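Bear in mind that the values here come from a model prediction, so they are computed numbers and not experimental data. Each residue takes its place number in the sequence, starting with 1.
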Amino acid sequence: MKIWKIAVAALACACAAGCRTTKDVLDDYEVALSTGNYAEPVQETSELAAEKDGSQLLWQLLAGGALYMADDKENAIAMFDSAEDAMHANDATSVFAKGGEGALAMMTNDRAFDYDGGGQDRVFTCLYKAIDFMSSGKHDAARTELNRAGQHQENWLWERRKDIAAAAKKMKADADAYVRQNNAPQEGNRDTQVGTVLGDAAFRSQVQAQCRFDPATSGNLDALAPRDYMNPYAEHVTGVFRWLSGDGARNYLKDVAALVAGNPVVARDFAEVDRGIKPSNQVWIYVEDGLCPCREEWRVDLPLGLLPFVRRYVIYAGMALPYLRERAHGAINWSVAAGGQNVPMCQLANVDALLKTEYDVYMRGALTREITRTIVKVGVQVALGVAADAAERRHEKKGKSGNDYLALKLAQVGVATWAMTTTAADLRSWTALPKTVKVARVDRPADGRLEVVADGQRIQLAVPPGNSMVFLRKPGPSAYPVVKMATFQ
């Protein structure tokens with residue numbers, strides 16, 4: 001690596017130190033949502049979305065989520081529309097196939113690539129648009145969004161396979177190019193070396209303990225069942241919406257009954273729709289509770305003892321991986337008081353588990369990529385160090401000094417410096433999603449008044465005649481719930 005490249009890397013680090021990082025924005029966003037200050041993050045995330053960089057989709061989702069919770073329906077839908085435009089652009093090809101920022105983007109870290117968003121990002125984007133449409137009386141638009149949410153669920157496996165293949169291809173091409181650029185022959189078979197690290201019991205136990213991820217079994221697409229990645233919340237909302245609208249509900253409610261066997265609300269709904277019963281003055285109440293897991297960075301050194309390198313030539317061998325930090329519930333105990341009865345709410349969807357599935361699938365590739373990056377960067381350091389020592393011995397033998405030794409040592413230091421400054425985990429994720437989703441179904445009281453009780457906090461609702469769907473969002477214990485309601489006459 002040339003001296004000017006080292007200087008540029010150092011300057012970039014100095015500049016980054018004075019700017020708000022993605023982690024800073026996400027941390028402040030979490031505080032605002034968990035305390036009920038839903039409109040507070042809108043300005044910053046909207047401004048970041050307007051910059052149209054590789055994280056634009058993330059900022060659009062964060063801004064849209066804050067607008068949704070602030071009940072600014074028009075602007076929330078507009079922001080989610082913009083997010084879907086970015087998703088459609090990504091769906092045309094994998095973000096890894098686009099190349100990322102820089103000629104050797106894969107040799108830096110996954111943040112060099114556009115934020116793609118997972119399957120749940122797409123499902124919840126359409127679901128939130130549908131809820132805002134139906135609570136505004138725009139049922140045709142809501143139906144369209146629910147249909148799209150279902151299509152995203154159907155596409156999930158195919159999309160993940162596409163990304164995995166594109167990332168592996170890009171990783172190999174960039175690693176080979178980086179070795180050639182530094183005139184450093186690869187020490188041994190790279191795939192074998194990666195397999196050796198992944199197969200080491202001590203390293204594997206470290207990853208399992210920190211990331212709750214088993215490199216041998218976690219994230220295997222072929223081993224997943226529909227309940228691991230299908231969102232029963234979106235499916236149930238679609239089924240009930242269609243049931244109340246009089247069109248095609250049975251298959252949706254049948255699928256939900258298979259996903260969450262034992263849920264009494266879902267079982268009753270499917271049994272009734274299967275018998276052709278039409279609901280009358282029924283109220284479905286959905287609660288989106290808490291906040292989903294967010295990503296944190298874990299740094300660990302590559303276990304060099306497993307590799308055939310001369311370790312004294314290695315200056316830096318660090319890796320960075322994301323792990324999931326689980327966050328609190330909005331409330332532990334939920335119930336509905338209606339018509340003199342108290343009905344407990346039951347869990348419909350474990351969003352934490354759905355996002356853990358997506359994380360595991362991501363990590364299956366990310367861990368291999370990070371090990372590969374580190375092996376290649378370490379190998380180049382070793383090759384340059386060995387070459388520098390050989391040059392020094394030649395000069396000692398001839399009894400005179402030379403500039404090639406100094407150039408090689410500087411290049412070795414430059415490679416290590418670049419490795420250090422580019423080692424980072426991708427912490428980007430849509431952190432506004434709920435932790436769990438609960439559901440209850442009650443008869444509408446004659447006076448239309450009912451209460452949702454959350455750990456003693458009582459949320460008063462006035463439900464008009466007819467069938468209704470009520471959506472509550474409580475991201476933190478001190479946050480007052482957002483309430484949206486759709487009525488079907």
Side-chain angles (χ1 to χ4, degrees), residues 49 57 60-61 63-92 116-159 226 229-256 259 269 273 278-279 284 286 288 348-349 351 354 430 432-434 437 439 466-471 473 482-489:
L57 172 57
Q60 290 168 334
L61 292 173
L67 288 162
Y68 175 84
M69 282 187 259
D71 207 24
D72 185 347
K73 294 182 177 62
E74 182 177 351
N75 286 317
I77 290 170
M79 187 62 74
F80 285 140
D81 281 341
S82 297
E84 283 206 282
D85 289 341
M87 291 175 187
H88 292 323
N90 290 342
D91 289 345
D116 184 36
Q120 296 308 319
D121 286 10
R122 287 160 166 72
V123 171
F124 272 99
T125 293
C126 294
L127 179 58
Y128 286 157
K129 288 168 68 179
I131 291 171
D132 270 349
F133 277 131
M134 73 172 79
S135 62
S136 301
K138 301 176 181 177
H139 288 191
D140 287 343
R143 180 181 286 102
T144 297
E145 296 301 333
L146 292 173
N147 289 343
R148 294 168 73 185
Q151 189 60 55
H152 285 310
Q153 302 222 72
E154 294 296 328
N155 292 346
W156 187 80
L157 279 174
W158 181 83
E159 293 287 350
Y229 59 88
M230 294 291 285
N231 187 326
Y233 176 33
E235 290 286 299
H236 191 256
V237 169
T238 303
V240 173
F241 173 86
R242 285 179 168 271
W243 193 15
L244 300 182
S245 301
D247 60 334
R250 183 185 181 279
N251 288 342
Y252 289 96
L253 294 176
K254 179 183 178 182
D255 289 345
V256 183
L259 292 173
D269 290 345
V273 77
K278 295 182 179 180
W284 282 263
Y286 300 91
E288 295 184 29
L348 175 61
V351 182
L354 293 171
W430 189 9
L433 298 182
V437 180
V439 67
N467 297 304
S468 295
M469 300 172 74
V470 179
F471 302 89
R473 182 77 176 92
V482 180
V483 180
K484 300 171 188 274
M485 187 182 306
T487 301
F488 299 75
Q489 299 298 331

**OP:** Apply the test salt bridge (charged side-chain N to carboxylate O under 4.0 Å, His left out) to residues Lys129 and Asp132: give CA-CA distance (whole Å), side-chain angles for both, the deciding distance (0.1 Å), then the verdict.
**Re:** CA-CA 5 Å; Lys129 288 168 68 179; Asp132 270 349; over 6 Å; no

- What orientation do His88 and His152 show, parallel under 30°, tilted 30 to 60°, or perpendicular over 60°? parallel

The side-chain contact (heavy atoms from CB on, under 4.5 Å) partner of Tyr233 among Leu354, Leu348, Val351 is Leu348

Would Lys484 and Tyr128 count as a cation-pi pair here, with the cationic atom under 6.0 angstrom from the ring centre and within 45° of the axis? no

Correct closest heavy-atom pair for Thr238 and Ala234 would be OG1-O, 2.7 Å

Output for pair (Met87 CE, Cys126 SG), nearest 0.5 Å, gives 7.5 Å

Closest non-hydrogen atoms of Phe241 and His139, given as atom of the first, atom of the second and distance, are CZ-O, 3.3 Å

| query | So, the side chain of Glu235 versus the backbone of Gly150: is there a donor-acceptor pair under 3.5 Å, distance only? | reply | no

Q. Between the side chains of Trp243 and Asn467, is a donor N or O closer than 3.5 angstrom to an acceptor N or O?
A. no

Rounded to the nearest 0.5 angstrom, the CG-CD distance for Leu61 and Glu84 is 9.5 Å

inquiry  = Is it the case that the side chains of Gln153 and Asn231 hold a donor-acceptor pair, with the cut-off being a distance below 3.5 Å and no angle test?
reply    = no

Parallel, tilted or perpendicular: ring planes of Trp430 versus Phe124, cut at 30 and 60 degrees
perpendicular

Report yes or no: does Arg250 contribute a side-chain atom to a donor-acceptor pair with the main-chain N or O of Val273 at less than 3.5 Å? no

Here the gap from Asn75 atom CG to Tyr68 atom OH, rounded to the nearest 0.5 Å, amounts to 15.5 Å

